[in-house]
Amino acid sequence: MANSKVSQDTGDLVLNRVSKFYGDFCAVDDLSLTVPDGSFFALLGPSGCGKTTTLRMIAGLEEPSQGTIHIGDNDITTQKPYRRNVNTVFQNYALFPHLTIFENIAFGLRRRGIKDVKTEVENALNLVELGHLAERKPGQLSGGQQQRIAVARAIVNRPEVLLLDEPLGALDLKLRRQMQIELKRIQMEVGITFIHVTHDQEEAMTMADTIAVMNQGKIEQMGSATELYEAPKTAFVANFLGQCNLIKAKVQSRAAGKAVVTAKGHTFEVPLSRVSTDSDSVLLGVRPEKLRLDDQGINSIKDCVVTDRSFVGTSTQYLVRTPWDLELVVFEQNDEGLHDLHVGDKVSLEWDAEHTFALDGAQDINAGADLEDEE
Amino acid sequence: MTTLSAPPMPSFTHRASRWISRNLIRIYAGVAFVYLFIPVAYTFAFSFNDSGKSNLVWQGFTLDNWKNPCGAPQVCSAVANSIQIGVLSTVIATILGTMIAFALGRHKFRGRTSTNLLIFLPMATPEVVLGASLLAMFLNLGVNPGFWTIVISHVMFCISFVVVTVKARIASLDPRLEQAAMDLYANEKDTFRYVTLPLVMPGIAGAALLAFSLSFDDFIITNFNSGIETTFPKFVYVSAARGIPAEANVIGSAMFFIALFIVVIGQVVARQRKKS
């Protein structure tokens with residue numbers, strides 16, 4: 001039967017200029033992407049950004065309107081889902097309710113004509129530590145257990161690429177944390193390429209080696225969690241991953257490895273390597289935990305006022321209003337040197353030049369903010 | 001000990017009305033069940049009537065009717081006919097109806113909405129009209145009414161019920177299960193065989209049971225299109241004129257107990273499956 005498809009010459013997954021249209025609506029827009037063999041890759045974005053459509057095209061459940069998809073040298077663009085060596089962990093697991101857990105996991109093996117499935121199914125069950133549930137039906141399992149069975153059912157086939165469609169979305173927070181670690185462990189053990197689709201930035205940052213942030217059918221930026229967080233290239237990425245302070249500013253000079261910019265009469269410095277635009281109008285960015293309530297540094301704003309304060313355990317979060325009425329977020333670690341300020345107190349803000357980045361000023365300053373909690 | 005006065009005894013009417021209000025739902029349920037089952041109980045009781053010719057008046061207890069249910073002329077041949085017609089119509093209507101249900105539930109095609117509507121029409125049409133029209137049609141085509149015209153008419157009115165029942169089941173089926181099967185190396189045929197069909201099967205089985213009971217039970221349409229062929233309902237109707245034999249009660253009661261038995265077995269099996 002479909003035995004021939006299990007080729008072991010796996011390779012990188014390559015999407016080349018892939019687009020998907022539904023009528024006039026463009027769900028995925030000229031997307032090119034290379035996922036290295038054996039990596040844990042995350043497609044991160046708000047709902048409707050095209051990440052699930054991309055995943056379904058890789059699975060073969062949707063056909064691209066344009067472009068090609070390859071695994072290694074193998075063109076799978078129009079291949080039927082059951083002919084490609086790709087398996088999916090569906091959002092709500094999609095376990096077969098009429099089959100036992102054992103038969104659910106054996107399903108793929110049996111369809112490929114493998115006679116002796118027992119050892120492989122048992123190994124897969126042990127990998128997710130649920131060997132004792134083999135004879136149950138999916139309806140008798142908890143959400144977390146079903147999730148792990150869905151992973152086992154996909155992994156038992158040793159696919160070249162494993163796709164995970166919001167796999168932890170239905171679990172509560174504690175279980176989600178636990179499964180994040182679990183999935184990471186499984187990926188290390190089996191060494192299969194994992195492509196994980198999620199709208200949860202924290203989940204993506206915890207698990208993935210490489211994250212592609214998607215917005216409106218395009219990839220905004222791709223890189224490691226640290227790269228995306230510390231040096232975002234667009235306002236969308238800056239706002240979507242964690243919180244970010246953005247200030248509209250003008251570039252005055254670029255020399256000696258740094259750019260000097262001004263905003264409302266204040267002068268700031270940014271390393272040129274962290275300026276991602278040639279335009280003179282920029283958005284100056286700095287993460288809340290990089291701001292200090294002092295006035296020693298090169299980049300500083302004096303005469304600010306605390307407008308809100310909330311204690312969140314590991315840190316205290318302040319909202320601080322600048323003299324020109326812009327509100328900035330400041331996280332201060334709860335250790336010695338705590339300022340313990342209150343609403344109405346006067347403060348100064350300062351931060352290091354190397355923690356500053358500058359983005360193209362033509363963007364919407366709020367792009368990607370307040371999106372992460374959708375769905 | 002007169003300092004402590006006992007609480008006054010509530011009056012009898014007060015207690016009675018409290019008891020009634022507390023047990024009202026039970027009383028209502030009891031009355032409803034009595035109402036539903038009196039005809040069945042009557043039928044069952046009179047299956048033991050030593051009736052002779054007419055089974056209208058109680059004439060004494062006997063087991064003869066149960067020992068020899070085929071005793072009355074034509075009873076058993078009528079039942080056999082009904083079963084044959086029922087099985088044949090059920091099989092044909094279930095296969096055709098299931099296929100229609102899949103087409104309507106799974107595919108978009110020109111005229112789907114109107115097909116959906118047309119499927120409902122036979123259920124809404126009065127049976128007398130259907131029966132009379134079918135007879136007129138058969139006569140115009142030069143077909144003699146008999147066994148096969150009954151089967152054809154039964155298939156016709158059963159299909160709608162099968163389509164509606166199976167379609168509801170298909171609609172409740174999560175399309176992701178089929179996608180998951182395709183993702184797990186099952187081609188279209190295997191996906192249907194190992195995932196879609198088993199999941200829709202309870203709907204199909206329910207539809208088949210419904211079709212069989214509709215066919216077995218039908219009198220009006222059958223009466224128009226049966227010619228000299230006799231079915232069980234027709235036999236009962238015809239013999240009502242000169243007295244229904246007690247054997248008919250035996251058959252009716254037996255049908256009731258068989259159905260009851262099947263339901264109980266189903267419940268027990270389902271409960272045990274849940275436990276294990």
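What you see is a predicted model; the values in this text were computed from it and never measured. Letters go in sequence order (proteins before strands), and every chain restarts at 1.
Using a 4.5 Å cut-off between heavy atoms, A:Leu109 does not touch chain B at all. When heavy atoms are compared at a cutoff of 4.5 Å, B:Glu188 approaches chain A by way of both its backbone and its side chain. For A:Arg56, the part sitting under 4.5 Å from any heavy atom of chain B is the side chain, from C-beta outward, and nothing else.
Ionic pairing of A:Glu120 and A:Arg158 is not present here: no N-O contact between side-chain nitrogen and carboxylate oxygen is shorter than 4.0 angstrom.
Aromatic pair B:Phe256/B:Phe44: ring centres not closer than 6.0 Å.
Of all residues spanning residues 105-123 of chain B, none has a heavy atom less than 4.5 Å away from chain A's heavy atoms. Taking 4.5 Å as the heavy-atom cut-off, the residues of residues 191-220 of chain B that approach chain A are B:Tyr194, B:Val195, B:Pro198, B:Leu199, ordered by number.
A donor-acceptor pair under 3.5 Å links the side-chain atoms of B:Asn187 to the main chain of B:Lys189, judged by distance alone. Side chain of B:Asn249 to backbone of B:Thr43: a donor-acceptor contact under 3.5 angstrom is found. In this structure, the side chain of A:Gln66 does not engage the main chain of A:Lys20 through any donor-acceptor pair within 3.5 Å.
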Discussion item. Run A:Gln180 and A:Lys184 through side chain to side chain contact (heavy atoms under 4.5 Å, CB included) and show every step you take.
Written reply: CA-CA 6 Å; A:Gln180 286 173 5; A:Lys184 186 80 193 159; over 6 Å; no
Worksheet item: Should A:Asp37 and A:Thr193 be marked as a side chain to side chain donor-acceptor pair (under 3.5 Å) after you check the CA-CA gap, both sets of side-chain angles, and the distance that decides it?
Response: CA-CA 6 Å; A:Asp37 189 16; A:Thr193 310; 3.3 Å; yes
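Among B:His154, B:Lys234, B:Glu127, the single residue meeting the side-chain hydrogen bond (donor to acceptor under 3.5 Å, both in side chains) criterion with B:Thr222 is B:His154.
Between B:Val151 and B:Val155 the shortest side-chain heavy-atom distance falls below 4.5 Å. By the 4.5 Å heavy-atom criterion applied to side chains, A:Glu166 and A:Lys51 are counted as neighbours. The closest side-chain heavy-atom distance from A:Asp165 to A:Phe90 is not below 4.5 Å.
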